[in-house]
Each structure stands twice: as structure tokens, then as C-alpha cells.
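To start, the structure itself, in C-alpha cells.
Just so you know, ligand 1 is whichever comes first in the structure, and atom 1 is the first atom listed for that ligand. Worth saying up front: this structure is predicted, and the values here are computed from it rather than measured.
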Amino acid sequence: MQLIPILSTLTLLFSTSLAAYDANSKNNVAVYWGQGSNQESLGYYCERGDVDIVVISFINYLNSTYVGFNFGNACWGPECPLIAADIKKCQALGIKVSLSIGGDERLGDYGCTSDADGEAAAQMLYDMFSPNGNPKVTKPFGDVTIDGFDLDIENFNQKGQIAMFKKLRKLFAKEKTLILSACPQCPYPDSNVNDVMVDEEVQLDLVFMQFYSNAGCSMNNKDGFANSWKTWANFMENVTNSKDMKMYVTLQASKSNEYHTNVSWVNEQLKGKMSDSFFGGIGLWDATVATECTDTSISGVSQNYIQGMKNLLSGVYSSLVKRDEL
Ligand SMILES: *[C@@H]1O[C@H](CO)[C@@H](O)[C@H](O)[C@H]1NC(C)=O
Ligand SMILES: *[C@@H]1O[C@H](CO)[C@@H](O)[C@H](O)[C@H]1NC(C)=O
Ligand SMILES: *[C@@H]1O[C@H](CO)[C@@H](O)[C@H](O)[C@H]1NC(C)=O
């Protein structure tokens, strides 16, 4: 069952796509960036032309009195002028840049104990990541206003999340409408960000659903994934009170990870699902391993994982037919 490109070359199509985030589109590609080993600059990923949102990771320390971050080799803090310049570059290209809170709990310490704590944390985030925040507070990204915040929580502590996100929306309202997201794992129901996902007042924008790391519902498990999809589809359509929330199928991009799946496989599993009302695109952990992953599963054409996903979402592979169907 080999696939034959009807179009003479796939590679020509790669260069013509122009990325820019569109909340209503179904072909957004989001990449996490900030933790990659020997990672390229943020600007490098924005200039590729196939990324629509970058989620900088991580704010790995957060409570009512302290915010701390780790952006790998990209910044040694407390100020990050290179990242700031790159965020401007990305934003000028129409690419959104948000900031993720959480990550591996062993590499940080985050979480609140009350709604008041959550609000205090929101105020600190505003003071740090908006140029209009308290001028006495050091601003890692200088005069850049961040586009959103993401919760990638792994310590089962949901306290204060709703209060924090509501306060962030309010504080940033004079500058922009924030993109607020959460990054749950696929077992249902989620136990790290469920409350904020369903909350009527927060109105979360995006869910980066991790279809990896859990054998029962990951993308590499054909039936497990299909069943998980039904459950989450019902959640998206009938359970959450976030009316316009979009789901991004979020995948492990590292070829050496046991949950990694090739582009052709992803394309097969997503058939008939990408037209669902809540589908918004694909998320990747993370930018560095995604560009290092060379995939040849589509007709032997060599492309990296980000290109592969952008082409998949753009419908490029639907113009391929199977040899035995000719
Ligand atoms: C907040 O976190 C910092 C850094 O981990 C810690 O030193 C401080 O005690 C924490 N404060 C509260 C109120 O938990
Ligand atoms: C949402 O609920 C309706 C009414 O119960 C049901 O018909 C539909 O299948 C549900 N949606 C999903 C995706 O399960
Ligand atoms: C893609 O992955 C699937 C599932 O692991 C595998 O069966 C298939 O052979 C792979 N395709 C290629 C071309 O490697």
C-alpha cells in the first residue's frame, strides 16, 4: 500500500504555506519551546513558516509571592532580551507566543493554596509580562506583551487556577484578549486542569490534549485513541462550559520516545476527526525534537515532524491516493 504523490513534488508545497494563528482555523500548529537541549532560538521556529503558536516553557516556580522560570539555553535571566526580540519577530509574523506554567514537578515548585493566592500570582505575572505592569518589577521580556498563558500542571493541585486565569484575563484586558490554554493528559477525567477547562467564567481558548505517555489512550494505540477521542469529543461538545474552546491533538515529537508515531499513522488516525467542531490543530512537544525528527512515512518524502503536521493539517496528504486504489 504505497502512496503516490499526485502532485509532482510535495516539497514544493512546504515553502508556500504561510503560518499565522487563526482561532477559527483547523490547521494551527503549536509547538512547545524552551526546554529543548541545544535548542535553536525562538525566532528560528517562527521564521520556518509552519508554526502558528509557540508556547514558551516553563514558568516552573509559582505561588502567591514568587515567580521563577527556566527557558533552557535561551536565557539565564533575570532578563531575556534575545527572547524578547524574537517574540516581537514572531508577533509581527502573526504568530502567537504564550507562556506555560508548570512542567515536570521535580524541576520546579508551583501551585497555589487558595483563590487569593491565585490572584496574587496573576498580579505578579502581569507585572512581569506586561509593559504596563508595576515598573518596579523586573520584566524578563522587556516591553513585549505576552499573548497568553498555559497550564501544564503535573502535581494534581488545581487550587487557585480559576481565580488566577480570571484575574489574568481582567488585568490584560486593556492590552489584548489573552489566549488561555491548558495541557491535560488523555485519561478521562483529567486531574490537573479539569476545573479550569470546564469553568464558565474563564472560557479557556485552547486545550493541548496530550495523546502520549498513557498507554490506554495514546496515539500509538489505535483503538485506545479512537475510544479516548469519543470521550473527549463528548467532553468538548457536552461537558465543558468553555463554548469556543478548541482541542489541539498534542503529540510527542521525539522519535526515540515510545509514544512517538509517524506522520502517516497520525494522518490515518485523524481521518474523519479533523472536521469535528472543536478540532483546532496539532500541538507538539517540543520544537527542538520535532525539527530533529526526520519522517519519511509519506511516500518516502523526507520532511521533519513540524512540516509533516502542517502538511497533514493543510490537506496535502488527502491528494495522495493509495496505489491499490488506482
Ligand atoms: C514561594 O516559593 C518560593 C520559592 O520556591 C519559596 O521560597 C516561598 O517560601 C514560597 N512562598 C509561599 C507563600 O509558599
Ligand atoms: C452530545 O450530546 C448529545 C445529546 O445527548 C449526543 O447526541 C451527542 O452524541 C454528544 N456528543 C458527543 C460527541 O458525544
Ligand atoms: C508508521 O507507523 C506505523 C505504526 O507504527 C507502522 O505500522 C508503519 O509501518 C509506519 N510507516 C512507515 C512508512 O514507517
Tell me which one of S181, S100, S57 satisfies side chain to side chain contact (heavy atoms under 4.5 Å, CB included) with D152.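 It is S100, the one option of S181, S100, S57 that forms the side chain to side chain contact (heavy atoms under 4.5 Å, CB included) with D152.
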
Just one of L251, I282, T250, V249 clears the side chain to side chain contact (heavy atoms under 4.5 Å, CB included) bar with F208, so which one?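 It is T250; the other options fail the test.
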
Relative to each other, are the rings of F129 and F149 parallel, tilted or perpendicular (30° and 60° limits)?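 Answer is perpendicular, since the angle exceeds 60°.
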
Nearest 0.5 angstrom please: Q203 CD to E201 CD, how far?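 Answer rounded to 0.5 Å: 9.5 Å.
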
Establish, from distance only, whether the side-chain atoms of Q35 and D286 form a donor-acceptor pair under 3.5 Å.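 No, because no side-chain N or O of Q35 sits under 3.5 Å from a partner of the opposite role on D286.
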
Under a 4.0 Å heavy-atom cut-off, what residues line ligand 1?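 Ligand 1 is contacted, at a heavy-atom distance under 4.0 Å, by Y61, N63, S64, T65, Y66.
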
Is there a polar contact, in the sense of an N or O pair closer than 3.5 Å, between N238 and ligand 2?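 Yes.
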
Residues in side-chain contact (heavy atoms from CB on, under 4.5 Å) with T113, at least two apart?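 Per chain and number, T113 pairs via side-chain contact (heavy atoms from CB on, under 4.5 Å) with D117.
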
Under 3.5 Å, is there a donor-acceptor pair between the side chain of N134 and the main chain of K136?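 Checked: pair present.
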
Could you tell me which atoms of ligand 2, counted from 1 in the order shown, lie closer than 4.0 angstrom to a heavy atom of A233?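 Answer, ordered by atom number: 13 (C).
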
Inspect the contact between K273 and D276 and indicate whether a charged nitrogen and a carboxylate oxygen are less than 4.0 angstrom apart.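 No salt bridge links D276 with K273.
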
Those atoms of ligand 3 less than 4.0 Å from some heavy atom in W265: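 It comes down to these atoms of ligand 3: 3 (C), 4 (C).
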
Could you tell me which atoms of ligand 3, counted from 1 in the order shown, lie closer than 4.0 angstrom to a heavy atom of N262?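 The list of qualifying atoms is 1 (C), 2 (O), 3 (C), 8 (C), 10 (C), 11 (N), 12 (C), 14 (O).
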
